[in-house]
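Reviewing the structure listed below.
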2 protein chains.
Amino acid sequence: MSAEYPSKQEQRRLQMSDIARLAGVSVSTVSRALSGSRLVNDETRQRITELARSLNYSINLGAQNLRLQKNNTVAVVVPFDAQSRQHISDPFFLSIVGAIADELTDRGIDMLLSRVDAERLDLAAQIIDSGKATGLLVIGQWRHHDQLNDMAARKLPVVVWGAQMPQQLYCNVGGDNRLGGDLATRHLLDAGRRHIAFLGDAELPEVMMRRAGYWDALERAGQPRTPGLELKAPFDVSSGRAAMERFFAEHRAIDGVVACSDLLALQAIQVLRSLDREVPADVAVCGYDDMPLAAYCDPPLTSVHQPVAQAGAQLVEQLMALLNGQTALPVTLPVHLVVRQSAP
Amino acid sequence: MSAEYPSKQEQRRLQMSDIARLAGVSVSTVSRALSGSRLVNDETRQRITELARSLNYSINLGAQNLRLQKNNTVAVVVPFDAQSRQHISDPFFLSIVGAIADELTDRGIDMLLSRVDAERLDLAAQIIDSGKATGLLVIGQWRHHDQLNDMAARKLPVVVWGAQMPQQLYCNVGGDNRLGGDLATRHLLDAGRRHIAFLGDAELPEVMMRRAGYWDALERAGQPRTPGLELKAPFDVSSGRAAMERFFAEHRAIDGVVACSDLLALQAIQVLRSLDREVPADVAVCGYDDMPLAAYCDPPLTSVHQPVAQAGAQLVEQLMALLNGQTALPVTLPVHLVVRQSAP
DNA sequence: TTGAAAGCGCTAACAC
DNA sequence: GTGTTAGCGCTTTCAA
């Protein structure tokens, strides 16, 4: 029933010298045998390999790495808001983490996952300085483009999921945010909407770019920008509910919404309904990310699709380039609008 | 398999001897200073600490761990179906991973995330044998209760998210699956449904227990079990679509569905609608997991809620107990039914 | 209070 | 082919 373990001391871990003794050879021979060196007699190698397997012996990678001066681990860092103690929960970030995990596993690279205070992204450098990992993948720039630049200036192998910024020293991979914002807005305009709100915190580079796209589309359509229709809403839904209620209550003219995440879109829909405004009849709502469940929402979400699997693959790809001493250029991934019923 | 990172242009990594030289002291003194030993002169320690920080020096943890014979890393293993090459994507598993990440980070423990072939859970032992991590968290038993038992028999510190089984040697943490299945079924019965289907692969322990709960509820209500109404559907939605279409086409009498994941419930709703059956009017559908987005689905999902954050905390808690040489008993977490519109 | 030296588990010259 | 030996970067006796 219950698992029982011997008190306190784990039995001493098997090591190479044990295998050597049991096989009646020297440690070097074991080392060579297990690394598949051809300098060791076939029969001996066979015997040693077999013995090691039967005893569940595995080379101690700590020692091996120390000796070989290498390290097969990449750290993935998910910034979090220390103030709200917001946890890792946004389905989009989680799915990017999943995609990265897939890609790293396929390449046989170990993945260290950790959170870091979004105000102190620079602390992530410690993971590399201490040799825990050789490279760093940071999910989102948040407000600290500068800290990321500092890390890059130190030549740390870092690749960031996020928007490309002017004066950027680090390599980033990100969706085409400006296009995404544009696509969503244009779609609403094409549907005849004229009072289009923008939900997102433009202090975050990605959101800033999406807002630029939103402006692009408005301008192209000869519509004025209305700062009052821009709500600084956090990606993650937790806090901003009250503010959003006030926002929509005060701006009854709104007939379209560009939200910077699907979560935000869903929250907006909820709030609008509580104000007796129908979606999409009264207000059409576009989300962002096109998370896997977007199609199953009520109503199914029109959303800007971000290619998550590609994102994971590219983040890893660029990091590998850096680690091989090559230069890694920023990558912009294509986005497209998926039209569903929240904004037909 | 192993990627090599030739540190081409990378400057040699700073090490303790460098700091020692720069500070005009011996390595031992630096070591002591950085570990906060009181055996070193206050002023010297101050100077060394300062120097180290200004140079971004961090102790090489690989070397430290080797010397100290310790390791502060826990591995989290997400089984995947190698045949369908199913990736890490189920939102429920992803959110458990998130919860574990939160808990481990709070405790200052490093987290290694990896996938493993669901048919070879035993391969995960290698992560411990090789010293990459000291403990293992496995997300789901899948079909290999036996392999997990073998690992426990080897005294490996392993805790599993899943159902408690008879003859179980390892520690598990899981929701009360039997109760969950019962609650969902009872709810449908109470609503007057009489032909209740069960969707899930009962070869998986968790599903088996939920089915037992489903049977419990039927029996209590004096309803017969109808094997034909049980569909062996995989947790993850990818493959089983065609089978599900056939299933619902053949069983027009079905007026209630107990699904073993929210994803499965959503797929069922889709299929039912394609067959012109309305949810919940014609068929009421209960999901399982109550993922964060369940409330936003179309229709909002009635679902058995699993406490994800608690799950993460308990998994870690039990693993820590094992690592401290204590016995870790299985933990069953409470579940409850959240009623929404898919099964009012 | 500090330094010299041994050794954590492994690999790779360099012998033989 | 195989063994001997010298470290990888660190901590910790043991001496001074």
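Letters A, B, ... are given to chains in the order of the sequence lines, protein chains preceding strands, and every chain is numbered from 1.
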Write down the distance between [atom1] ([X]) and [atom2] ([N]), rounded to a whole number of angstrom.
| X | N | atom1 | atom2 | value |
| --- | --- | --- | --- | --- |
| B/L68 | D/dG9 | CG | P | 17 Å |
| B/N65 | D/dC10 | CG | P | 12 Å |
| A/Q69 | D/dG7 | CD | C1' | 10 Å |
| B/R47 | C/dT1 | CZ | P | 15 Å |
| A/K132 | D/dC10 | NZ | P | 15 Å |
| B/I19 | D/dG9 | CD1 | P | 13 Å |
| B/M16 | D/dT11 | CE | C1' | 8 Å |
| B/R67 | C/dA6 | CZ | C1' | 8 Å |

- [ ] Name the residue closer to the 5' end of DNA chain C, choosing between B/R38 and A/G62 according to the nucleotide with the nearest heavy atom.
- [x] B/R38
TODO: Take A/N60 and B/V27, find for each the nucleotide of DNA chain C with the closest heavy atom, and name the residue whose nucleotide sits nearer the 5' end.
DONE: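 The residue whose closest nucleotide sits nearer the 5' end is B/V27.
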For a quick check of understanding: with a heavy-atom distance under 4.0 Å over all strands, which category does [X] fall into, base, sugar-phosphate or nothing?
| X | value |
| --- | --- |
| B/T44 | sugar-phosphate |
| A/S28 | base |
| B/I59 | sugar-phosphate |
| A/L66 | base |

TODO: Would you state whether a donor and an acceptor, one from the side chain of A/R32 and one from the base of D/dG3, lie under 3.5 Å apart?
DONE: yes
Task: Evaluation steps, salt bridge (charged side-chain N to carboxylate O under 4.0 Å, His left out), between B/E317 and B/R107 - done: CA-CA 10 Å; B/E317 179 68 29; B/R107 294 182 185 234; 2.7 Å; yes
[N], OP1 or OP2 - any side-chain N/O from [X] closer than 4.0 Å?
| X | N | answer |
| --- | --- | --- |
| A/Q64 | C/dG9 | no |
| A/Y57 | C/dC10 | yes |
| B/Q15 | D/dG9 | yes |

- [ ] Could you work out which one of D/dT2, C/dC10, D/dC10 sits closest to the side chain of A/L39?
- [x] D/dT2
Task: Residue that, paired with A/F92, satisfies side chain to side chain contact (heavy atoms under 4.5 Å, CB included) out of A/V308, A/I139, A/V97 - done: A/V308
- [ ] Work out which heavy atom in B/L66 is nearest to a heavy atom in A/A63; give both atom names and the distance.
- [x] CD1-CB, 3.9 Å
TODO: Could you check if a side-chain atom of B/D150 sits within less than 4.5 angstrom of a side-chain atom of B/D122, using non-hydrogen atoms only?
DONE: no
Open item on the list: A side-chain contact here means heavy atoms from C-beta on lying under 4.5 Å apart; do A/I127 and A/V77 qualify?
Closed with: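 Side chain of A/I127 against side chain of A/V77, heavy atoms only: contact under 4.5 Å found.
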